[in-house]
Amino acid sequence: MQSRRKLRFRLIVSFALFGFGLSATFAIAALYVRAKVENQLINDSMQNDVDQAVDNAIEHPDRPFESELIEGWVKSDRTLYKMPLSWQDLGSGVHDIQETDAEGKSKHYKLAVRRKNGIIGFTRYDISREDLGKRQLITSLIGAVVIFSLVSLGIGLWLSRKVLKPVTELAQRLRGFRKAGKAEPLAVHFADDEVGELAHALDEYSERLTAMVERDREFNSDVSHELRTPLAVIASTTELLQGSSDLSEKISERLKRIERASRQATELIEALLLLSRAERRGPTRGETTEVGKVASDVIESQRPQMRGKPIEIELIVNAPVTVNAPASVLSVALTNLIGNAIKYTLEGSVRVEVGNSRIEVIDTGPGIKPEDAERLFQRGVRGEGAGGSGAGLGLAIVRRLCELYGWDVSMRPRSDANGAIASIVFK
């Protein structure tokens with residue numbers, strides 16, 4: 001919506017600026033042409049009148065100067081005239097003169113001068129009326145520019161609405177697909193223009209995306225079917241072997257590890273399949289899971305990772321916390337957080353605290369840098385000290401699971417000692 005408004009705003013502004021620029025250019029050109037032509041005509045007319053007056057004075061010294069529009073005087077050695085003395089120093093040609101009359105008002109004149117055979121001719125023309133006309137023309141042109149700009153703005157509003165209407169309809173149909181849960185052809189609803197071409201491209205993209213999703217769904221179903229069978233065989237076999245009376249303690253412990261690994265693999269497959277389905281259809285709710293119990297099971301399953309390291313694992317349940325999510329989802333998330341804490345802690349303790357609608361895993365490992373806390377949840381990123389193990393996918397999977405159910409997962413360094421704190425806040 002914001003992008004569409006920006007595009008519409010740009011169209012409106014473009015039309016308004018175009019109208020203003022075109023009308024302003026026309027107004028300036030009109031003023032320039034008028035001033036140029038008017039000045040040339042007045043100058044030529046005055047110069048022609050003064051030339052004729054001087055020639056007539058030479059041929060007929062006693063005949064006075066006559067003109068209907070222009071005042072004129074001719075001065076020779078035999079005649080006198082009452083004109084400013086400053087005019088006597090002006091050369092032949094047309095001059096602009098600013099003078100003050102008897103009432104103290106400024107007057108603008110054009111004065112044409114002609115010197116010939118000792119005779120000086122003057123013609124004066126008051127162009128104040130032309131200045132008034134010029135001001136009136138400027139006012140009219142400004143009004144025309146404003147009106148034309150407003151008309152251009154109106155055209156821009158109308159045209160932007162008309163041009164963007166197909167785009168708006170296309171966006172509405174795309175939103176309708178999300179509500180309907182399936183995509184329908186778009187190109188049939190639009191004309192054979194740019195928007196129709198865009199709709200056709202979206203149809204092609206939708207077909208490819210649908211095919212890809214279908215392949216992904218089939219792959220998930222195949223993986224689920226193919227992996228669950230051997231995992232079920234492993235689980236049943238270990239259960240039968242554990243029932244044997246002649247097992248040594250060492251073999252029995254190894255069978256328990258196999259059973260835990262099989263259970264973790266089953267939970268991981270269920271969580272990933274659930275994540276794949278839920279990202280398309282939304283999260284599945286209705287199953288209530290106790291966080292403390294899942295945390296206790298995860299801690300027991302992760303104890304073999306200690307491998308003789310001087311580490312103490314402690315579970316503290318300050319208050320019972322339950323979440324509306326499958327146990328497999330929470331188990332996968334806690335397995336990654338608790339497993340990482342055990343892996344990176346060489347000595348000290350790993351403390352798991354439950355309460356206040358959250359769970360925190362606090363370790364005494366090397367810790368993390370504050371600027372790396374968010375980056376660790378990116379796919380393929382491993383923490384320092386990983387020793388080249390792992391693919392950096394665990395925390396990325398945890399983030400996707402938490403986002404699916406609206407939980408906040410984060411990591412931060414400890415402020416009281418070395419180590420890190422991983423937390424999940426349930427909402």
Side-chain angles (χ1 to χ4, degrees), residues 1-45 94 96 98 105-110 125-210:
M1 181 65 71
Q2 186 177 6
S3 300
R4 183 175 66 84
R5 287 177 178 174
K6 287 182 178 179
L7 178 59
R8 183 176 180 182
F9 177 76
R10 289 198 296 268
L11 286 173
I12 294 172
V13 170
S14 298
F15 268 89
L17 291 178
F18 175 76
F20 173 77
L22 186 62
S23 57
T25 302
F26 174 78
I28 293 172
L31 287 173
Y32 174 78
V33 171
R34 178 188 183 276
K36 190 75 174 177
V37 172
E38 180 184 71
N39 189 64
Q40 187 67 36
L41 289 175
I42 291 176
N43 288 350
D44 292 345
S45 178
V94 181
D96 281 322
Q98 293 283 350
K105 297 181 179 180
S106 178
K107 294 289 186 178
H108 186 195
Y109 300 98
K110 277 189 175 294
Y125 177 62
D126 186 356
I127 62 172
S128 300
R129 289 175 298 178
E130 277 67 21
D131 291 341
L132 177 61
K134 184 183 294 184
R135 289 193 295 270
Q136 292 175 346
L137 177 62
I138 291 174
T139 303
S140 301
L141 289 175
I142 291 175
V145 169
V146 173
I147 293 174
F148 197 79
S149 299
L150 292 176
V151 171
S152 300
L153 181 62
I155 294 175
L157 287 169
W158 173 78
L159 191 60
S160 64
R161 188 179 296 110
K162 185 175 181 62
V163 169
L164 292 179
K165 184 178 180 180
V167 180
T168 304
E169 184 181 353
L170 179 61
Q172 291 175 349
R173 289 187 177 277
L174 288 174
R175 294 191 189 97
F177 293 166
R178 182 169 54 186
K179 297 178 182 179
K182 62 178 181 178
E184 298 179 356
L186 291 170
V188 295
H189 300 286
F190 298 93
D192 189 14
D193 54 10
E194 288 78 4
V195 178
E197 185 177 354
L198 176 60
H200 183 70
L202 288 173
D203 286 341
E204 293 180 349
Y205 177 75
S206 176
E207 292 176 0
R208 294 196 302 270
L209 187 62
T210 301

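Note: hydrogens, waters and symmetry copies are ignored here, and every other heavy atom, side chains too, is used. Bear in mind the structure is a predicted one, so any value in this text is a computation, not a measurement.
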Exercise. Over all heavy atoms of both residues, which pair between Gly156 and Ile12 is shortest? Give the atoms and the distance, please.
Key: O-CG1, 3.8 Å
Quiz prompt | Closest non-hydrogen atom pair between Ala27 and Val145, with its separation | solution = CB-CG2, 4.0 Å
Quiz item: Restricting to pairs with a member in residues 144-158, which pass side chain to side chain donor-acceptor pair (under 3.5 Å), not counting sequence neighbours?
Solution: none
Self-check item: Residue pairs fulfilling side chain to side chain donor-acceptor pair (under 3.5 Å) with at least one residue in residues 22-37, sequence neighbours excluded
Solution: Arg34-Glu38
From [X] atom [atom1] to [Y] atom [atom2], the distance as rounded to the nearest 0.5 Å:
{"X": "Phe26", "Y": "Leu31", "atom1": "CZ", "atom2": "CG", "result": "10.0 Å"}
{"X": "Leu22", "Y": "Leu17", "atom1": "CG", "atom2": "CG", "result": "12.5 Å"}
{"X": "Leu137", "Y": "Ile142", "atom1": "CG", "atom2": "CD1", "result": "10.0 Å"}

Quiz prompt | With Gln40 via side chain to side chain donor-acceptor pair (under 3.5 Å) - residues at least two apart | solution = Asp44
